[in-house]
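The structure under discussion appears below in the form of structure tokens.
Sequential numbering from 1 along the given sequence is applied to the chain's residues. Remember, it's 1-based here, ligands and their atoms both numbered in the order they're listed.
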Amino acid sequence: LYRVTLHPLAKVPGPRLWAITRLPYFYNLAIGRLHFRVHELHEEYGLVVRVAPGELTFITESSWSDIYLKPQGKPQLQKELAQHGLTVPGLVLEANDSHHSRKRKNFASGFTEPAMRQQESTVIKYIDQFISSLRERSSKPINLNEWCSFLVFDIMGDIVFGESFDSLETSQTSEWAKSTFSYAACQIIGGVVQKFWPFHKILGYLIPSSVRKGAAAHEQCTKEKLDRRLAKSNPQPDMITPLVETLNTPLGLTYTELRKTIIDIIIGATDTSTLALGAMVYFLWHNQDVLTRLTDEIRFAFATSADITNDRLKQLPYLNAAITEMLRLFPPIPGFLRRIAPPEGCFITGSYIPGNTIVSYDLWAGGHSAENFFRPNDFLPERYLADPPKEFKNDKRKSYRPFSFGPRNCIGKNLALLEVRLIISKLLWEFNMELQEESRDWIQHGAFDRPPLMVKLTSVRK
Ligand code: HEM
């Protein structure tokens with residue numbers, strides 16, 4: 001009764017049951033449909049919703065800066081599930097701001113525009129291998145999502161360790177990729193059980209042993225790859241190169257931090273980009289006029305596939321608008337960017353939020369809300385052109401931030417956009433695509449089930 005009457009969040013709109021117990025939230029999270037449900041709640045209750053006894057989600061444009069930017073003279077809002085030194089975290093779950101900033105600075109040079117230019121030839125090498133593998137399978141339906149996953153893993157393996165995962169070569173998911181889920185599950189559960197210190201270690205044993213073994217195998221495999229890379233006397237320039245000089249010094253990373261952050265980066269890079277590529281193909285197929293306009297833009301712009309470069313693709317307005325629109329409708333990380341209000345509370349979108357409340361901007365709900373976008377459920381790249389048609393003039397463009405915001409935003413944004421631009425353009429330059437009947441509702445899948453995205457590709461190049 002307290003939670004719906006006297007609790008400091010009692011007046012915030014939301015379903016009663018969700019305000020009383022976290023069970024509906026956990027249930028929807030466990031079945032991978034939390035983002036769909038939270039969107040429905042925002043449709044029903046408005047811009048701020050109480051989604052659990054102590055948790056609010058927002059879809060207001062201004063909540064981005066209130067939640068994710070560092071307030072002047074104060075620490076940034078703590079990331080929920082960040083790890084407080086009970087284990088050595090990588091970048092994503094690092095709770096300590098100064099450690100986070102040291103780790104981030106060390107990696108930042110690997111993600112700048114000049115660094116991307118250096119990595120572009122590696123990315124293109126794998127895309128060309130991908131295209132020729134698909135050409136061999138042309139005219140038969142293939143699971144394009146699986147092939148995109150092979151591709152982005154091989155790219156990341158090369159950029160990070162200087163060796164591919166050989167997924168395109170073998171048409172198989174690598175052991176490293178297979179054990180990713182176990183590793184990620186252990187990291188997240190590790191964040192939850194630390195709250196029960198000093199019983200966190202015992203509680204950790206509640207994780208099924210198969211998952212613990214998978215996570216250990218993942219760490220071991222990463223260690224072997226990293227050690228091989230560090231032992232190379234004359235490696236090609238890659239993401240590790242700038243880190244070697246300061247390794248194990250106060251300004252640099254420790255070996256364990258490096259190993260853990262590499263895992264964060266590869267996990268952060270692969271699933272997200274694979275999903276984005278699948279979503280792009282899906283939306284294009286369902287919007288044939290957009291597909292035609294985009295295909296024309298690409299095929300007219302380039303005489304040969306070798307002419308397709310990131311610098312030139314950045315100049316194609318419709319391509320970039322279509323990618324932005326895809327990320328609005330299908331943000332690969334749809335929500336769960338949770339932060340904790342400081343003990344003294346804080347202001348979000350002008351309202352006082354009591355201390356220790358969990359707060360987040362919900363990307364899925366925000367992107368699909370008519371409060372933020374005209375015809376929010378339609379795939380309309382025109383809204384992101386430099387001079388959009390007037391019906392989009394009230395779109396709240398700043399409520400679109402699929403790479404998040406502030407000191408903990410996506411470090412890999414430039415690489416992600418480079419990959420998506422190049423892969424989609426080379427696919428459209430080379431093939432006509434036909435989404436198969438069984439994948440026509442592909443976008444409806446939950447966060448944990450990945451049905452195949454069956455597509456028939458027909459080469460238009462002789
Ligand atoms: C379309 C593709 C991608 C999307 C939509 C995306 C989105 C995001 C978002 C929303 C966050 C913030 C997470 C949070 O606050 O908890 C994030 C963080 C991160 N992303 Fe990405 N990402 C993408 C691709 C990549 C790529 C290609 C890389 C690496 C090469 C990468 C590496 C990371 C890392 C390491 C973080 C944590 C940053 C930190 O804590 O300082 N991501 N990403």
Side-chain angles (χ1 to χ4, degrees), residues 35 64 67-70 76-83 89-112 115-116 119 122-123 148-149 151-161 184 187-188 191 238-240 253 257-258 260-280 320 323-340 358-364 366-367 400-424:
H35 53 296
W64 275 112
I67 299 175
Y68 301 100
L69 280 190
K70 183 178 167 337
Q76 51 185 291
L77 267 60
Q78 184 75 221
K79 197 168 184 174
E80 160 71 349
L81 296 189
Q83 298 188 349
L91 186 66
V92 178
L93 296 180
E94 175 60 71
N96 180 302
D97 285 348
S98 64
H99 286 324
H100 176 266
S101 140
R102 171 178 53 84
K103 290 177 186 175
R104 195 144 165 149
K105 271 192 200 124
N106 271 276
F107 270 95
S109 61
F111 290 98
T112 56
M116 288 305 100
Q119 303 295 358
T122 306
V123 174
C148 289
S149 170
L151 169 60
V152 292
F153 264 105
D154 281 2
I155 292 172
M156 286 312 293
D158 199 319
I159 287 181
V160 175
F161 299 116
Q187 288 295 299
I188 291 170
D238 56 21
M239 218 169 256
I240 307 281
L253 302 173
E257 287 171 342
L258 174 62
K260 297 269 189 163
T261 302
I262 281 174
I263 300 180
D264 284 357
I265 287 181
I266 301 180
I267 294 180
T270 43
D271 206 36
T272 48
S273 306
T274 304
L275 278 171
L277 291 163
M280 192 74 188
N320 290 292
I323 293 173
T324 311
E325 178 68 340
M326 171 272 292
L327 289 170
R328 178 185 70 81
L329 274 180
F330 193 85
I333 301 184
F336 219 61
L337 306 176
R338 298 152 91 220
R339 303 292 188 266
I340 307 172
I358 298 174
V359 289
S360 64
Y361 183 96
D362 195 274
L363 274 165
W364 189 277
Y400 149 87
R401 297 193 188 273
F403 295 99
S404 191
F405 197 47
R408 287 177 182 254
N409 74 347
C410 179
I411 197 173
K413 179 179 170 185
N414 288 340
L415 180 58
L417 291 175
L418 172 142
E419 286 181 342
V420 174
R421 270 187 215 115
L422 282 166
I423 297 168
I424 289 297

| Close approach of K413 to ligand 1, heavy atoms, under 4.0 angstrom | no
| Is it true that Q119 lies under 4.0 Å from ligand 1, counting heavy atoms only? | no
| request: For atom 7 (C) of ligand 1, state which one of G412, A416, P402 supplies the nearest heavy atom. | output: P402
| said: Does I265 form a side chain to side chain contact (heavy atoms under 4.5 Å, CB included) with F107? I'd like the steps, not just the answer. | reply: CA-CA 10 Å; I265 287 181; F107 270 95; 3.5 Å; yes
| message | So, 4.0 Å and heavy atoms of M156: is ligand 1 close enough to count as a contact? | response | yes
| said: Quick test of your reading of the structure: of R338, K79, R339, whose heavy atom lies closest to atom 16 (O) of ligand 1? | reply: K79
| note | Within 4.0 Å of some non-hydrogen atom of P332, the atoms of ligand 1 are 5 (C)
| message | Applying a heavy-atom cut-off of 4.0 Å, say which part of F111 lies close to ligand 1: side chain, backbone, both or neither. | response | side chain
| message | Is there a polar contact, in the sense of an N or O pair closer than 3.5 Å, between S273 and ligand 1? | response | no
| request: Check whether any heavy atom of F107 sits under 4.0 Å from an atom of ligand 1. | output: no
| Is it true that K260 and E257 make a salt bridge, defined as a side-chain N closer than 4.0 Å to a carboxylate O? | no
| Taking atom 36 (C) of ligand 1 as the point of reference, which of V92, L93, I266 owns the nearest heavy atom? | V92
| request: Take atom NZ of K105 as the centre, draw a 6.0 Å sphere, and report whether it contains more than 12 heavy atoms from other residues, nucleotides or ligands. | output: no
| query | Side chain, backbone, both or neither: which part of A269 comes within less than 4.0 Å of ligand 1 when only heavy atoms are counted? | reply | both
| query | Between S404 and ligand 1, does any nitrogen or oxygen pair lie at a separation below 3.5 Å? | reply | no
| message | I want to confirm something. Looking only at heavy atoms, which of L415, T274, I411 is nearest to atom 34 (C) of ligand 1? | response | I411
